[in-house]
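For reference, the structure is listed below as structure tokens.
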Protein chains: 2
Amino acid sequence: MAEQQEPVIWMRPEQAPVGRRAERSRAEITAAAVELADREGLEAVSMRRVASILGTGAASLYRYVATRDELLDLMTDSTASEYHLPAPSGDWQADLLTLARQARQIMRRHPWLPTMVMGRPTLGPHGIDLLEHVLDVLADHPADPACKLEAFALISGLTALFVQNERAATDTSATRRSAYLRHVAAAGSHPRITALLAACTSDGNPGDRFDVVVVRALTGVLG
Amino acid sequence: MAEQQEPVIWMRPEQAPVGRRAERSRAEITAAAVELADREGLEAVSMRRVASILGTGAASLYRYVATRDELLDLMTDSTASEYHLPAPSGDWQADLLTLARQARQIMRRHPWLPTMVMGRPTLGPHGIDLLEHVLDVLADHPADPACKLEAFALISGLTALFVQNERAATDTSATRRSAYLRHVAAAGSHPRITALLAACTSDGNPGDRFDVVVVRALTGVLG
DNA sequence: CCCATTCGCATACAGTGTTCGCGAACCATG
DNA sequence: CATGGTTCGCGAACACTGTATGCGAATGGG
């Protein structure tokens with residue numbers, strides 16, 4: 001009778017207590033999907049392709065996952081297990097910066113992660129562990145709980161922004177973008193842009209602003 | 001013979017100099033797509049639906065746009081025309097904060113914009129005007145040109161993060177999220193989260209941290 | 001007037017997420 | 001050991017999607 005499936009996948013049991021046993025596990029499916037996304041990008045992760053990698057039929061995946069988006073959630077949360085979470089040192093700024101640096105590394109490993117983190121933020125078991133760690137680091141900090149949550153979201157979000165930005169600069173899209181910028185500069189109606197393009201070609205690139213921006217943004221939310 | 005279409009839509013002429021005249025304009029198509037996205041979300045913007053709104057066939061849209069993603073680019077850039085760009089006041093922090101506040105308002109008007117800005121940053125004619133204005137505000141600022149570009153990207157990106165966050169808090173997804181959080185808290189293995197949930201229900205929500213975070217992040221990139 | 005060129009669009013193709021239904025596998029119970 | 005109730009695997013189908021192709025209609029310069 002009463003169906004009422006649990007709305008979040010993490011609250012549903014992975015295996016039913018009775019009936020035929022599942023031949024695969026969520027972790028197995030997630031790993032295949034992550035590997036595929038790492039290799040060919042997020043839009044290559046279709047139910048049929050993931051299924052064929054696992055050697056099963058596409059419809060079988062729906063025994064493990066209610067929808068494709070849930071599979072993506074599994075992928076996102078699985079990357080949160082790649083963090084190394086040392087005990088708090090007492091300097092919360094340093095500890096959170098360490099976390100942000102790790103996030104940057106992880107997102108570089110998984111090019112699809114920034115899109116995921118920004119467009120579909122998810123808290124699974126591993127994300128929960130990460131949140132617990134952040135709260136532990138901020139245990140003695142006298143800020144509203146809501147602000148601490150905001151800080152938690154800001155670390156991954158801001159890092160995702162940075163990684164995406166530095167990837168867009170090395171992309172093939174950068175060529176098109178700069179081509180249009182040069183076109184605009186040549187038109188002459190935007191003097192500041194013209195000047196900026198002239199200055200950019202001569203200068204070397206400046207240092208990495210990641211650490212500074214992250215720390216300052218964090219001190220912004222945490223007061 | 002030599003085809004070699006311009007890679008960026010903004011560099012292609014909207015109307016061919018010879019031959020039959022187009023019955024619609026890019027602006028007309030863009031407006032229809034934006035209105036549809038405002039009403040039903042980004043994934044409702046399919047070529048067929050936009051075409052049917054305009055009363056044309058789906059394939060006709062490809063005379064105006066090379067691909068769906070280009071249509072999305074048109075939509076994104078069109079929202080950049082909603083900014084009001086007053087002359088620089090001399091206080092660049094105040095001027096950029098004004099811009100960020102406008103971005104926030106615009107992104108609240110168009111719920112699909114944050115996703116777009118973060119996942120597919122685009123610079124069209126209106127975006128160029130915005131960039132020119134930012135560079136004008138920062139004209140006397142002694143920072144690397146690359147840093148100013150980074151600051152420009154940060155304003156929209158960070159604002160998108162904020163808007164998306166505040167929308168996720170009012171969403172139906174918030175119910176599911178907090179349900180899972182309560183589940184974790186009840187399990188007892190994450191004491192910080194348990195404590196945070198207990199504190200959150202009693203407290204009122206704190207003030208809006210948007211202005212502070214934006215300003216501090218900007219001073220982070222601009223030194 | 002003619003003709004090169006562009007526009008509108010019906011049709012088709014490959015691919016997508018998801019649902020349905022059925023046979024096979026499993027475990028607890030009789 | 002047999003019998004149910006339950007779950008699993010999955011072939012087939014449905015409603016979509018973005019996009020390519022080809023052809024008739026419109027257009028304006030020579």
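Naming convention: chains lettered A, B, ... in sequence-line order (proteins, then strands); numbering from 1 in each chain.
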Would you list the atom pairs, donor with acceptor, under 3.5 Å between side chains in residues 53-60 of chain A and any protein atom, with sequence neighbours excluded?
unit_1 : atom_1 : unit_2 : atom_2 : d
A:S60  : OG     : A:G57  : O      : 3.3

B:H133 meets the ring-ring contact (aromatic ring centres under 6.0 Å, His included) criterion, sequence neighbours left out, with none
In chain order, what residues pass the salt bridge (charged side-chain N to carboxylate O under 4.0 Å, His left out) check against B:R176, with sequence neighbours excluded? none
Tell me which residues in residues 27-38 of chain A lie within less than 4.0 Å of DNA chain C, going by non-hydrogen atoms. none
According to salt bridge (charged side-chain N to carboxylate O under 4.0 Å, His left out), who are the partners of B:D211, at least two apart in sequence or on a separate chain? B:R101
Using a 4.0 Å cut-off on heavy atoms, which residues in residues 43-65 of chain B reach DNA chain D? List them by number, or say none. B:V45, B:S46, B:M47, B:R48, B:A59, B:Y62, B:R63
For A:D95, which residues count as a salt bridge (charged side-chain N to carboxylate O under 4.0 Å, His left out) partner, sequence neighbours excluded? none
Rounded to the nearest Å, what distance is computed from the CG atom of residue B:L71 to the C1' atom of nucleotide D:dT17? 14 Å
Just to verify, what does B:R104 make a salt bridge (charged side-chain N to carboxylate O under 4.0 Å, His left out) with, not counting sequence neighbours? B:E166, B:D208
Side chain to side chain donor-acceptor pair (under 3.5 Å) pairs touching residues 7-18 of chain B, sequence neighbours excluded, are B:R12-B:E70
Where each residue is assigned the nucleotide of DNA chain D containing its nearest heavy atom, which of B:P17 and B:R68 is assigned the position nearer the 5′ end? B:R68
I'd like to know if the side chain of A:R182 pairs up with that of A:S178 as donor and acceptor (distance under 3.5 Å, no hydrogens or angles considered). yes
From CD of A:Q15 over to P of D:dT6, roughly how many Å is that when rounded to an integer? 16 Å
Using a 3.5 Å cut-off and no angle test, enumerate the donor-acceptor pairs between side-chain atoms of residues 114-121 of chain B and protein atoms at least two apart in sequence or in another chain.
unit_1 : atom_1 : unit_2 : atom_2 : d
B:R120 : NH1    : B:D73  : OD1    : 2.7
B:R120 : NH1    : B:D73  : OD2    : 2.8
B:R120 : NH2    : B:D69  : OD2    : 3.4

With sequence neighbours left out, what residues match B:H183 under side chain to side chain donor-acceptor pair (under 3.5 Å)? none
Could you run down the sub-3.5 Å N/O contacts of the protein with nucleotides 23-25 of chain C?
unit_1 : atom_1 : unit_2 : atom_2 : d
C:dG23 : N2     : A:R20  : NH1    : 3.4
C:dA24 : N3     : A:R20  : NH1    : 3.3

